[in-house]
Amino acid sequence: MLADMVAAGTLPALEERLPSSADAFVDAAYTPADETPVYGGTMRTPNAGMWYFGPICEEPLFRLLDDGSVEANVAGGYDLSDDGLVYTIHLREGMKWSDGTPFTATDCVYYYNYVLVTDVDNETGKVTKSNTTKIYNWYMTADPSDGGKMKPAQVRYVDDVTFTITLYSPKPTLLQNICIDNKWMFCPREWYKDIMSNDASKPHWSGETDLKLIGGEGLPTVTEEQALANAKARSSLYTFEDYNRLCEQLGYRYWQYAGRPTLRPWNITSALTEQTLVFERNPYYWKVDAQGRQLPYVDKIEFVTMDESLNTQEVMAGNLDFCGFGGPDFPTYKASEATGCYSIKTMVSPNWTTAALQLNQSYKDAQYAKLFAEIDFRHALSIAADRSDMNEILNNGMAEPQQFAAPEGTAEYIPGAPEKWIELDVDEANRLLDGISMLNSTLNADGYRTFADEANAGKAVTLEVETTGDDWSARTVALLAQYYKKIGIQVVEVANTDNNARNEKYYTGDQAMCSLEGGTGVFNVILRPDYLSARRNNVCWLGKYGLEHQDHLTPEPGTPMAEVVDATLALNAGTTMEELQAAGERILQSHYENTWAIGFYNDSNSFYAVNNRIHNWREGFVMCDELRFLGNGRPYTWFIQE
C-alpha cells in the first residue's frame, strides 16, 4: 500500500518517514519468530465505543507494563535528578506526526502549558481551567517552601528532543501516573494553535516569560468564539455547540476525529456517525519489527456498529475477526470452535469482582447512611446471597464465588479476603439483623423488616439499587431481591440506561442509595486506588467522603471511614515508595476489615473469539484499563494470512 504511494510520488521513501536508525522503536519481543508476517488486509471487529477503539491504537509517552514498571514508548528514555525533582525526558530524533510534520519537544511542553493546564489559582495552587476539560492530579506536588501548598509541575523545553518536568517534592510514581491518567502528554502544536483559546496579552499562569520554554512562542490570541469558528472552518466534523464540548472532544477524545494528526499506528478516516468506522495505517508510524520492517502489518481496522446479539453469528460466519465475550456466552462459542473459522483466546484481568453491591456511606437519608455504616448490616447482606446459585444462573458456573477482594496471585492479595463472608448462612444473617437496634426484628405484613424509630419509623427497609438497565443487571437484582426477602430486606431496581446520568448521581455523592457494579478491577492500589480510596468522587460506596467532592464530608475521627480518608491523604502526600506502600496497605486492610463493597463472584478470564486468519495474537496478556485493554496485546504486530 505504502510502496505504491512512494512509487507514485505522493509519499516520501521509508527512510525519510522513520526516526533515525538509532531512535526507531524496535519491537523485537512481539516480532513473530516462526513465520514471516504478511502486509495488508483489513481486520473487522464490533464497535464497542471510544474506549474500545481508542486503546487499540493508543501510543502513550510511556507504556505501563504488567509488573507496574514503565517502558519508554513515544519517549526514548528519561533521566531523574538525584533529589527526585527533575525528570528529563528524551524523545526519538526524526519522529513525525501522521501528516509528515516533525514531532518535537515543543509539542509536549505546549500540550502541558496551554492545553492540559490553562489557568491556576495563585492563592491555592489549584488548577482552575483546562482545554481538555480533564484535570488530573498527577502533576501536583507539595511545595515545602510554601507551607506544603500543592502546585502543578513546571514543564520546560530544552531542545527539540528534550524537555523537563520539575516537581516541588518527589513523586516516585510520576511516570506511572502519566501512563494511567495522561497517557499521550503531547499534541501537534501547529494543528491546535488556532483552535485552542489563548490570550497572548496576559502573563502565562506559570509566570514564565520566555515563551519558547513553554511552547508559547508566536501563539496568537484566540477567543473561545474564534476557536469554535476556526475548528468549524477546518472540518464539518468539528462543529461543536460550545467551547467546552470542543475541548472535551478535540482536546481529549481526539482519536475519534478524522484529520487530527497522531502518532498512532492507525487513524480514523470516517465520521463517528457512520455505521462502520474505518481506521487506516499511519504511513509515518515509528515502530519497526526485529527485521527493521515498518509496523503495523495490517492496512485497516473496521469497527462495525451492530446489535450486540448479532456478534456470535457474525463471528461464526467469518465476518468479524475478533470479538470479546463473557462467561455466559462461552458454551456457545466453544461448541462451534472446532468446526468454525475462529479460536477462543484467553487473556487475564486483575478483577476484584465481576458483580458487587455498593451501599452509599453518605446517602442523603441519614438513617440509611447510619444503617449502611453498621458492619453487621453489610455482613448480613453478604452471607444471605447464594453465590453458587448466582454463578450457575448468570455465568453458567464459570466464575468463582468471591468477596470484593484482590484474587490470589496479585500484589494486593490478602489471605482469606476473597473467602470472607461468602458462605451462605441465612440464619446467621437474620441473627445479625436482629441485633441492630434501629431495626424491628418482627416483619411487616409484606414480610419486610421496618425501622424502629426516627424519620423512617414503621417503613420497610428498602434498597434502591442503581443499575445500567441491561439484562444482566435486571437478572442480578431479581436474584438479590429473592435472597434478601428471606432476611426481610426489600430490593428495588432503579434502572438507568444512560451511563452518564447514572454517574452524575455518583458525582453528587448522595443521590444514589446503592449500586450494582459489574467488572471492577484494581491493577495496583498505589498507582490507581480509584475504586478503593477516598480520592475520587464517582464511587458509590464512598459517597461524599471522596476528597474530590466540593462539599466533601469529613468523617468522625476514629471511625473506619476516617481511616480510609486518612490513608488516602497519606497516599496523596507520599514522597517515597515506602510511604506509598504503607498507605496502600492501610487502604487494602480497611477493605478487608470492613467489606465496603459486597462482592458476589469473580472471573479473571477475558475471552475473545479470534478469526484463524489473524496471526501473532498472543494469549495470556493482562487486560485492564491501566494497560489499555487490547492495546496491551500490541495489535500493530498482528497480521492477516488466509
Side-chain angles (χ1 to χ4, degrees), residues 137 140 142 150 173 177 180-181 350 352-353 356-364 366 368-379 381-382 403-406 410-414 416-418 420-421 503 505-515 517 520-575 578-599:
N137 67 359
M140 303 295 291
M150 299 295 288
T173 59
N177 294 148
I180 293 171
D181 283 334
W352 277 44
T353 182
L357 180 68
Q358 298 186 16
L359 307 177
N360 187 344
Q361 296 297 314
S362 69
Y363 186 54
K364 59 187 176 183
Y368 270 101
K370 183 179 178 182
L371 178 63
F372 295 164
E374 289 275 356
I375 194 168
D376 283 349
F377 184 71
R378 301 194 298 277
H379 187 173
L381 293 182
S382 185
Q403 191 53 265
F404 181 74
T410 63
E412 283 76 22
Y413 172 69
I414 296 177
K420 183 181 179 182
W421 298 347
N503 282 335
K505 289 188 176 181
Y506 299 160
Y507 294 144
T508 60
D510 61 1
Q511 294 301 311
M513 176 186 281
C514 45
S515 71
E517 302 298 334
T520 302
V522 181
F523 174 70
N524 185 304
V525 68
I526 295 175
L527 300 182
R528 199 173 199 182
D530 297 13
Y531 293 113
L532 305 182
S533 74
R535 178 179 291 177
R536 294 295 287 272
N537 64 349
N538 62 343
V539 182
C540 190
W541 67 268
L542 181 64
K544 283 191 173 181
Y545 292 113
L547 295 171
E548 291 185 3
H549 274 292
Q550 289 186 346
D551 51 351
H552 158 69
L553 292 179
T554 301
E556 185 178 342
T559 61
M561 184 56 69
E563 168 61 8
V564 174
V565 173
D566 290 346
T568 303
L569 291 170
L571 186 64
N572 291 345
T575 59
E578 291 74 17
E579 291 173 345
L580 296 177
Q581 288 167 351
E585 288 171 4
R586 289 172 61 188
I587 292 170
L588 292 172
Q589 189 66 25
S590 177
H591 279 272
Y592 173 57
E593 293 174 357
N594 296 285
T595 311
W596 295 115
I598 300 167

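Only heavy atoms go into these numbers, but all of them, side chains included; no hydrogens, no water, no symmetry mates.
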**Asked** Going through the checks in order, is the side chain to side chain contact (heavy atoms under 4.5 Å, CB included) test met by L571 and L580?
**Response** CA-CA 5 Å; L571 186 64; L580 296 177; 4.0 Å; yes
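- Between the CG atom in L532 and the OG1 atom in T568 there is a gap of 9.5 Å [rounded to 0.5 Å].
- Formation of a donor-acceptor pair under 3.5 Å by the E548 side chain with backbone atoms of R536 is not found in this model.
- The only member of Q581, E412, E585 that meets side chain to side chain contact (heavy atoms under 4.5 Å, CB included) when paired with V525 is E412.
- Under a 4.0 Å N-O distance rule, the pair K544/D551 qualifies as a salt bridge.
- Put simply, the side chain of Q358 never gets that close to the backbone of A597: no donor and acceptor are under 3.5 Å apart.
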**Message:** What verdict does the side chain to side chain contact (heavy atoms under 4.5 Å, CB included) test give for T595 and W421, after you've listed the backbone C-alpha separation in whole Å, the side-chain angles of each residue and the deciding distance to 0.1 Å?
**Reply:** CA-CA 9 Å; T595 311; W421 298 347; 3.3 Å; yes
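- Atoms NZ and CD1, on K420 and I414 in that order, are 9.5 Å from each other to the nearest 0.5 Å.
- The closest side-chain donor-acceptor pair between E593 and Q589 falls under 3.5 angstrom.
- Remark: side-chain polar atoms of T353 are not paired, donor with acceptor, to backbone N or O of G599 under 3.5 angstrom.
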**Request:** Dump the intermediate steps for salt bridge (charged side-chain N to carboxylate O under 4.0 Å, His left out) on E563 and R586, then the final yes or no.
**Result:** CA-CA 8 Å; E563 168 61 8; R586 289 172 61 188; 2.9 Å; yes
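- When all heavy atoms are compared, the tightest approach of A567 to A583 is O-CB, 3.6 Å.
- Although no hydrogens or angles enter the test, the distance criterion places a donor-acceptor pair under 3.5 Å between the side chain of T559 and the main chain of A562.
- Counting only distance, with no hydrogens or angles, the side chain of H379 and the backbone of N594 share no donor-acceptor pair below 3.5 Å.
- Contact record, G509 with S362: O-OG, 3.0 Å, taken as the closest heavy-atom pair.
- Separating the CD atom in E579 from the CD1 atom in I526 is a distance of 11.5 Å, to the nearest 0.5 Å.
- Between the side chain of S533 and the main chain of D530, no donor-acceptor pair closer than 3.5 Å is present.
- In this view, E374 satisfies the salt bridge (charged side-chain N to carboxylate O under 4.0 Å, His left out) rule with no residue, not counting sequence neighbours.
- Applying the 6.0 Å contact sphere to OH of Y531 captures no more than 12 heavy atoms from other residues, nucleotides or ligands.
- Using a 4.5 Å heavy-atom threshold, the side chains of Y506 and T508 count as separate.
- The backbone N or O of P529 sits nowhere less than 3.5 Å from a side-chain atom of R535 that would complete a donor-acceptor pair.
- The OG1 atom of T410 lies 10.5 Å from the CZ atom of F523; values are rounded to the nearest 0.5 Å.
- With R378 contributing its side chain and F372 its backbone, the two residues share a donor-acceptor pair below 3.5 Å.
- Taking the six-membered ring where tryptophan is involved, the planes of F404 and H591 are tilted, since the angle between them lies from 30° to 60°.
- Between Y368 and Y363, the angle of the ring planes goes over 60°, which puts this pair in the perpendicular group of the 30/60° scheme.
- Nearest heavy-atom pair, A534 versus L542, reported as atom, atom and distance to 0.1 Å: CA-CD2, 3.5 Å.
- Within the 4.5 Å cutoff, no side-chain heavy atoms of V565 are placed close to those of T554.
- Between V564 and W541, some side-chain heavy-atom pair lies under the 4.5 Å cut-off.
- Atoms CE and OG, on M561 and S590 in that order, are 7.5 Å from each other to the nearest 0.5 Å.
- Rounded to the nearest 0.5 angstrom, N360 CG and Y545 OH are separated by 9.5 Å.
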